[in-house]
Amino acid sequence: MDFTPVWNARWLLLDSFLTTLLLSTIAVVVGTLVGAIVAVLRTLNVGILNVVLRAYVELFRGTPLLMQLFFVYFGLPMLGVNVDKFWAAFSAISLYTGAYVAEVFRAGVEAVPRGQVEASTALGLTFVQRLTYVIAPQALRVALPPLVGVYVSVIKDTSLATVIGYNELMRRAMELVLQYGRPLEIFLVVGILYFIICFPISKFSEWLERRLARNGA
Amino acid sequence: MPLLTMNNVHKRFGALTVLNGINMSVEAGQVAAVIGPSGSGKSTLLRVINGLEPIEKGTIEVDGVSTASLQGLREVRKQVGMVFQQFNLFSHLTVGGNVMLAQRLVLRRDKSEAEKRARELLARVGLEEKWGSYPSQLSGGQQQRVAIARALAMDPRIMLFDEATSALDPELVGEVLGVMRSLAESGMTMLVVTHEMNFAREVADRVLFMDKGSVLADGTPEDILVRPTDPRIQQFMRRLTEH
Amino acid sequence: MFLDWGSITTFYGQLLKGAGLTLVITGLAFAIAIAVGLLVCAGRISRVAPVRWASTVYVEVMRNTPVLLQIFIIFYGLPSLGLRFSAVTAGVLGLGLNVGAYLAEIFRAGVIAVPKGHREAATALALSKVQTLIWVVIPVSLRAVFPALSNMFLATLLGSSLLSVIAVPELTGETNEISSRTFLTIEVYSFSTLIYLALTLSCSIGLALLARWLFPRASRS
């Protein structure tokens, strides 16, 4: 084992590590927004809208993220939409995340007892009031642990952006391997970098889950 | 020689002494009811017999076989049938499957023999038509009768009943007690932890009153239930009749 | 700009072959994952502390680093220790080892889900520990975890596309190859997307039917 190449490239790795964090953060924020909007729209139960939203969720959950990345990056230019690497990575990962987040929220909404929704309707609350004061607070409690779990997946999944040449941590690792050899050392160090960010978030998700199990919904 | 003998049996859960030097025996064919306030160690008394709870001190023998060795314990488990408060039927097996499982695995009976015995016993508890049903499709009383048939299928020498009717809706208690009563009449040796004083008075040959991990009194139903002399038993009986 | 849907008919054979390889990879990786999952689950509930720690470390490391990285370590990294695998083997191994960590946790949850009374009844009926495990604990917990297992199978199917990155000609790999050779990018990616949807849909229907056959409705307490 020889870690000198890794050590020499430490600033490059750190830089790419920050890029991975940035991409993850943006994808998490946008993905959560998309997922929340989809979940809320689905509670409206409008026929055609439901079909469209369901198709979105099924499409992005039923195909590999890798295909989605390729489609956006190589396919869209063919339709005259030019996307750079960042936009391709960011939009594909966000839409993919949004589909998973939408399902997490939907499960949360379904966990709210029907009787409470009926009771709040009977009390004359509007749709927005029902959502704000009755459904959302309870649904969020249930959804939070798996939601944080999805965020861990997002961080790991940003590594796939390497296939379209976006210069995140994984890409940098491969470049260093090509330049210096030493694949085992370089990938191990990169693995540690992913681990130190993913592990605490995973534990946080598990803690939230235990707390939920203890206190109930 | 008694069928079941317990000598100086001690059992603790942490700092709490649950069985404090139990000495008792049950003769073959006897029906003994165990009564007493909750937390007095009645359930534990049953659970140490087939080793569901290990004991710290003392000896337990069933038909001359000690539970001290692993081999002896396994032999004792074959001889001792147990019925639980919560029925504990295997939810993934049908009624027939429940009654056949241990016959096949432990007694190594072949399928037709196990099935024949299972059908006999289910008929005896009045549930032969439930052969293919799953536990979740049965009432509590029916589940408990299947559980009794399951235990009987091992042809045990002695049957332990751990508050077999306590988890049942009041209207379902009678059907289970009926099965237990006919089992007693058939000569089965039984050790019955129960809150059903009428059952104890009418069916048991003997009543043991437990308090704080000890057998406080041991006598005929008449002695213990009708004319108790010990003030603690008098108090217990008074509280029961107040409800 | 126009799309040439007709031309991709030429590539049906190649894409279907890729889809076939995708299924084979998924099946092999999932088989490895089940074996690894059972082993690591046993380790997680072992009474020997070092075994427990090692299993926990395995689960946490595999679940908190990208599976692509794990595949790279096996394919590019291990040869420097003298362990050389073909791309397919490395990919199947990487995917299987990764999914195995998730399965270990699912199995553990399943074992915990078996009611205590089931075990006690089995003990009282003189079943041995092994008999109790095989005839009571495993069937009851399998039923509890089957939905989670099905989800992991579908995740394995989608994850198998990562093998294209190390040049395994499964469905994604073949799609890339055709796309870069013919520039029928939209057409071929759309078509492969449909194949993936068909695969995931038929697998989830198949698994649901399997569940229905394995676990009659009434046996689900």
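Just so it is clear: chains get the letters A, B, ... in the order the sequence lines come, proteins before strands, and each one is counted from 1.
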Among C/T175, C/N176, C/T172, which residue meets the side chain to side chain donor-acceptor pair (under 3.5 Å) test with C/Y189?
C/N176

So which residue, B/G81, B/G51, B/A102, ends up with the most heavy-atom pairs under 4.5 Å with chain C?
B/A102

Of B/K78, B/M154, B/R150, the largest count of non-hydrogen pairs under 4.5 angstrom with chain C goes to B/R150

Where do B/R157 and B/V62 land on the side-chain contact (heavy atoms from CB on, under 4.5 Å) test, with the steps shown first?
CA-CA 9 Å; B/R157 303 284 317 270; B/V62 174; 5.5 Å; no

Relative to chain B, which of C/P115, C/S128, C/P139, C/G117 shows the most heavy atom pairs under 4.5 Å?
C/G117

Could you measure the distance from the CG atom of B/L122 to the CZ atom of B/R117? Nearest 0.5 Å is fine.
10.5 Å

Taking everything shown except B/L70 itself, do over 12 heavy atoms lie less than 6.0 Å from its CG?
no

Would you say that more than 12 heavy atoms from the other residues, nucleotides or ligands in this model lie under 6.0 Å from the CD of B/E171, or not?
yes

Examine whether an atom of [X] lies under 4.5 Å from a heavy atom of chain C, and if so say whether it belongs to the side chain, the backbone or both; otherwise answer neither.
X	value
B/L105	both
B/L101	side chain
B/R47	side chain
B/F84	side chain

Is the closest side-chain donor-acceptor distance between B/Q79 and B/D63 under 3.5 Å?
no

With B/F87, the side chain to side chain contact (heavy atoms under 4.5 Å, CB included) member among B/L138, B/V176, B/V146, B/L168
B/L168

Output the residues of residues 17-40 of chain C for which the shortest heavy-atom distance to chain B is under 4.5 Å, in residue-number order; output 'none' if no such residue exists.
none

Sub-4.5 Å side-chain heavy-atom contact between B/R77 and C/T123
yes

Applying side-chain contact (heavy atoms from CB on, under 4.5 Å) to C/Q131 and B/V106, what does each step give before you reach the verdict?
CA-CA 9 Å; C/Q131 286 174 330; B/V106 179; 4.3 Å; yes

